[in-house]
Amino acid sequence: MLLLPVILTFVAYLPSLGNEFVWDDVHSIKDNPNLQGFSSENFRWILTSFLDGNWMPLTRFTFALDYLWGGAGPKAYHFTNMILHCLNTALVYFLVLKLFRICPDSDKEGDPERELRIRKGSALLSAIFFGLHPTRVESVAWAFERSNLLCFLFYFTAISVYFDFAQGLGSKPREYFLCLFLFAMALLSKPLSVTLPVVLILFDYWPLKRFSPGLKKYWLEKATFVAMAVISSFVAFTSQNDAGAVAALSEMSLRERILNAFHSVVFYLWKLILPLNLSAFYPVTRELGKFTPANILAIILVLGVSVLCLIRLGKDPKLAVAWAFFLVTLSPVLGIVQVGSQAAADRYLYLPATALMILASSYITRGIVRRDWPLLPLATLLSIVYLFVSIYQIGFWKNAVTLWERVVEISPGLSGMAYSNLGMAYQEKGMTEEALAAYDQAIAIGPVKAATREEKGTLLVQKGQFEKAAEEFKAALALDPRRTRSQRGLFVAYQQLGRTEDALKAAEDAVKTDPSVAENYTCLGASYFKLGQYGPAIENFRKAVSLDPQNLSYWANLASTYVSAKKYWEAIQAYQSAIALNNRDAGLYRDLAKPYEKLGKSDLARQCIQKADSLAAAQAAPPGETINPFPN
């Protein structure tokens, strides 16, 4: 029976292998040189980096492994995600079987054969719910969300090992330390696994029935888990706060956070029951912080279910444990400590929803078996429905354009960030007009981000609208004065407008802001060159070359400035350095001929022209025809 959900889950996510990198994938994985191999510097970065406020070294380690076997393309990363999700699906199946063995909830007739059908049927439906439910798509189809998959794998394996330990009444130190190790692996995958100690206490109440508040050994047993969770929580909060991702009370009041938390619980429940209109981004709106009828109803519903669970605690403890598991594992992302600008996210359901899926599966299976209805048709129907809805949802993760078009379709006019990300997606695809319209929409909605103004300015430069571009770059710098890319953009706009002194000032500001960036010195050198001040121009071009000696254009800029300054030998040396980086550039040889001519080296100048002509002819030759670019 296990094969059905696992194979169907594998088939459902096959389309994700054709998806591109999206959202955080680009700068966190694709353009991150620290994940391209296992040099000592890369390994140190993996262990110590807090990129985007996240410390998850084990997850980043797996990204580096993907690069080794699959290169820089997205397919290897998506394939690993798919395999991990299939493993998690199998893990759910076996864990449900173990749950029933620990505390078999036999039917009234006590029929062993019927109980076996209930046990296997519950495991089957649980695995189908888990593997194919459309809310899983974000965690699997988004490469960066590998952390969710790894966290779940270690989290639930730790629970399984803990069951074995607890059944031995705490007399198996090997299982205890293995459980601690698995918890550590979960924490290194994603800090949200800090809830495991509380979850273990819930399972100690039911089904393990070993909960004893007066037992000193019992609480000492949990002390190590709690200590690990506290340390991980502190590290996670500090890193997110330093990254500016944690909203202050001045931005979002405590009342708004609490109301948003109740709203989120009901929102997630609804998405589990009816997984429609799923989105990669659900924006926070001010309506979530008001006592609207919907929010009041959410409070009543959450508290009502909680009270019902308490009332049924003696007769049906699994209902209370499943509900508590859902709330406990969801608590870090309910918005009491608001991280990011999203009100909710489908990926946050990956772990918490599992208990409710198992609970629903057990009730459904028991009802079917007791009435002697066939289980397989229901399992097949659920599989087919979830399969096609998940495949449909995976399509929205095809690329950044489809992803953010879907977001703004579901939440039109609500999030400036969503429109800004859509604009960047259009821009990357060369859809200039669509990108400008998206940026304008993002600015109109607000809050305006410096990056949005900067990207709009870059597009306006490409369109030759330099006055408007300069205004956008200045607006970006007003929001964030340390954006050197905006300062360089302002330099380009002023240069094109003939405002040489203003261009010089923009380049000087860029160098002062970040003296470690070679391009800043190139801009400053170009400003001095424009003013005919070749000495300072040479000084800045040399600085750019020293910072980035593999950049051919920097050497070419330095060489041409030497020529203008009538320092021909220095120009020859700079051109030779450029040619060493690319000996098939005909233009470099033609430029090299000029200083030779100035020095009266006619033979050398002629050889350079001949090589340039040969290279140009070789590049223009039809396929199959070979021309030697370096004649004797």
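The residues of the chain are indexed from 1 along the displayed sequence.
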Under 4.0 Å between a side-chain nitrogen and a carboxylate oxygen: does that hold for Glu471 and Lys468?
no
Could you tell me if the side chain of Leu269 sits less than 4.5 Å from the side chain of Leu356, heavy atoms only?
yes
Is there a side chain to side chain donor-acceptor pair (under 3.5 Å) between Thr452 and Ser420 once you walk through the steps?
CA-CA 6 Å; Thr452 305; Ser420 181; 2.7 Å; yes
Contact summary for Met357 and Ser126, nearest pair of heavy atoms:
O-OG, 4.1 Å
Residue of the set Phe63, Trp397, Tyr77 for which ring pair (Phe, Tyr, Trp, His ring centres under 6.0 Å) holds with Phe21
Tyr77
Within-4.5 Å side-chain heavy-atom neighbours: Leu132 and Val385
no
With a 4.5 Å limit on heavy-atom distance, are the side chains of Leu422 and Val407 in contact?
no
Given Arg485 and Thr458, is the side-chain contact (heavy atoms from CB on, under 4.5 Å) satisfied, shown in steps?
CA-CA 10 Å; Arg485 187 163 173 255; Thr458 302; 3.6 Å; yes
Over all heavy atoms of both residues, which pair between Ala298 and Phe262 is shortest? Give the atoms and the distance, please.
CB-O, 3.9 Å
Exactly one candidate in Trp142, Phe130, Phe152 meets ring pair (Phe, Tyr, Trp, His ring centres under 6.0 Å) with His85; the answer is Phe130
Taking Phe144's backbone N and O only, do any of them form a donor-acceptor pair with Asp25's side chain (distance below 3.5 Å, no angle check)?
yes
Starting from the C-alpha separation in whole Å, work towards a yes-or-no answer on side chain to side chain donor-acceptor pair (under 3.5 Å) for Glu454 and Tyr439.
CA-CA 10 Å; Glu454 184 176 88; Tyr439 289 141; over 6 Å; no
Is the shortest heavy-atom distance from the side chain of Tyr386 to the side chain of Thr9 under 4.5 Å?
no
Expected output: side-chain Tyr521 to main-chain Pro515 donor-acceptor under 3.5 Å
yes
Test item: Pro191 and Val235 side chains (from C-beta on) under 4.5 Å apart, heavy atoms
no
Give me the atom names and distance for the closest heavy-atom approach of Gly395 to Thr402.
O-OG1, 3.9 Å
Counting the benzene-type ring for Trp, do Tyr282 and Phe267 have ring centres under 6.0 Å apart?
yes
How many angstroms lie between atom CG of Asn81 and atom OH of Tyr13, to the nearest 0.5 angstrom?
10.5 Å
Side chain of Ser415, backbone of Ala418: donor and acceptor closer than 3.5 Å?
yes
Looking only at heavy atoms, what is the nearest atom pair of Leu68 and Gly37, with distance?
CD2-CA, 4.2 Å
Which distance, rounded to the nearest 0.5 Å, do you find between the OG of Ser553 and the CD of Glu519?
8.5 Å
Any pair with a residue in residues 432-447 that passes salt bridge (charged side-chain N to carboxylate O under 4.0 Å, His left out), sequence neighbours left out, goes on the list, sorted by first then second residue, please.
Glu433-Lys463, Asp440-Lys456
Evaluate whether atom CZ of Phe234 has more than 12 neighbouring non-hydrogen atoms of other residues, nucleotides or ligands under 6.0 angstrom away.
no
Residue pair Val140 / Leu149, side-chain heavy-atom distance below 4.5 Å
yes
What I'd like to find out is whether the side chain of Phe10 reaches to under 4.5 Å of the side chain of Leu14, using heavy atoms alone.
yes
Does Glu428 have more than 12 heavy atoms from other residues, nucleotides or ligands lying within 6.0 Å of its CD?
no
Asp509, Asp514, Leu547 screened by side-chain contact (heavy atoms from CB on, under 4.5 Å) with Asn520, the one that passes
Asp514
How long is the gap from CG on Leu330 to OG on Ser264, to the nearest 0.5 Å?
7.5 Å
Under 3.5 Å, is there a donor-acceptor pair between the Thr80 and Asp66 side chains?
yes
Between the main-chain N or O of Gly18 and the side-chain N or O of Lys398, is there a donor-acceptor pair closer than 3.5 Å?
yes
Salt bridge flag under 4.0 Å for residues Lys271 and Glu138:
no
Would Phe154 and Leu188 count as a side-chain contact (heavy atoms from CB on, under 4.5 Å) here? Give the steps.
CA-CA 10 Å; Phe154 291 113; Leu188 293 175; over 6 Å; no
Closer than 3.5 angstrom, by distance alone: can the side chain of Trp45 be matched with the main-chain N or O of Ser40 as a donor-acceptor pair?
no
For Asn42 and Leu35, run side-chain contact (heavy atoms from CB on, under 4.5 Å): C-alpha distance rounded to whole Å, both residues' side-chain angles, the deciding distance at 0.1 Å, then the answer.
CA-CA 6 Å; Asn42 287 1; Leu35 297 178; over 6 Å; no
Heavy atoms only: give me the nearest Ala518-Asp548 pair and the separation to one decimal.
CB-CB, 4.0 Å
To the nearest 0.5 Å, what is the distance between CD1 (Ile358) and CG (Leu95)?
6.0 Å
If you look only at pairs with a residue in residues 178-199, which of them pass as a side-chain hydrogen bond (donor to acceptor under 3.5 Å, both in side chains), with sequence neighbours excluded?
Glu145-Lys190, Asn148-Lys190, Tyr155-Thr195
Looking at Arg406 and Glu409, does any basic side-chain N land under 4.0 Å from a carboxylate oxygen?
yes
Can you list the steps and then say if Val517 with Arg488 is a side-chain contact (heavy atoms from CB on, under 4.5 Å)?
CA-CA 11 Å; Val517 176; Arg488 292 194 298 271; 3.8 Å; yes
Please tell me if the side chains of Phe61 and Phe43 come closer than 4.5 Å, counting only heavy atoms from C-beta onward.
yes
Can you check whether Arg60's main-chain N or O pairs, donor with acceptor, with Arg146's side chain at less than 3.5 Å?
no
Residue from Arg483, Arg482, Gln487 passing side-chain hydrogen bond (donor to acceptor under 3.5 Å, both in side chains) with Thr513:
Gln487
What verdict does the ring-ring contact (aromatic ring centres under 6.0 Å, His included) test give for His133 and Tyr350, after you've listed the backbone C-alpha separation in whole Å, the side-chain angles of each residue and the deciding distance to 0.1 Å?
CA-CA 10 Å; His133 197 279; Tyr350 193 82; over 10 Å; no
Can you give me the closest heavy-atom contact between Gly70 and Ala76, atom names plus distance?
CA-CB, 3.6 Å
To the nearest 0.5 angstrom, please state how far the OH atom of Tyr554 sits from the CG atom of Leu581.
13.0 Å
To the nearest 0.5 Å, what is the distance between CG (Leu153) and CG (Leu91)?
6.5 Å
Can you tell me how the ring of Phe281 sits relative to the ring of Trp404, calling it parallel under 30°, perpendicular over 60° and tilted otherwise?
tilted
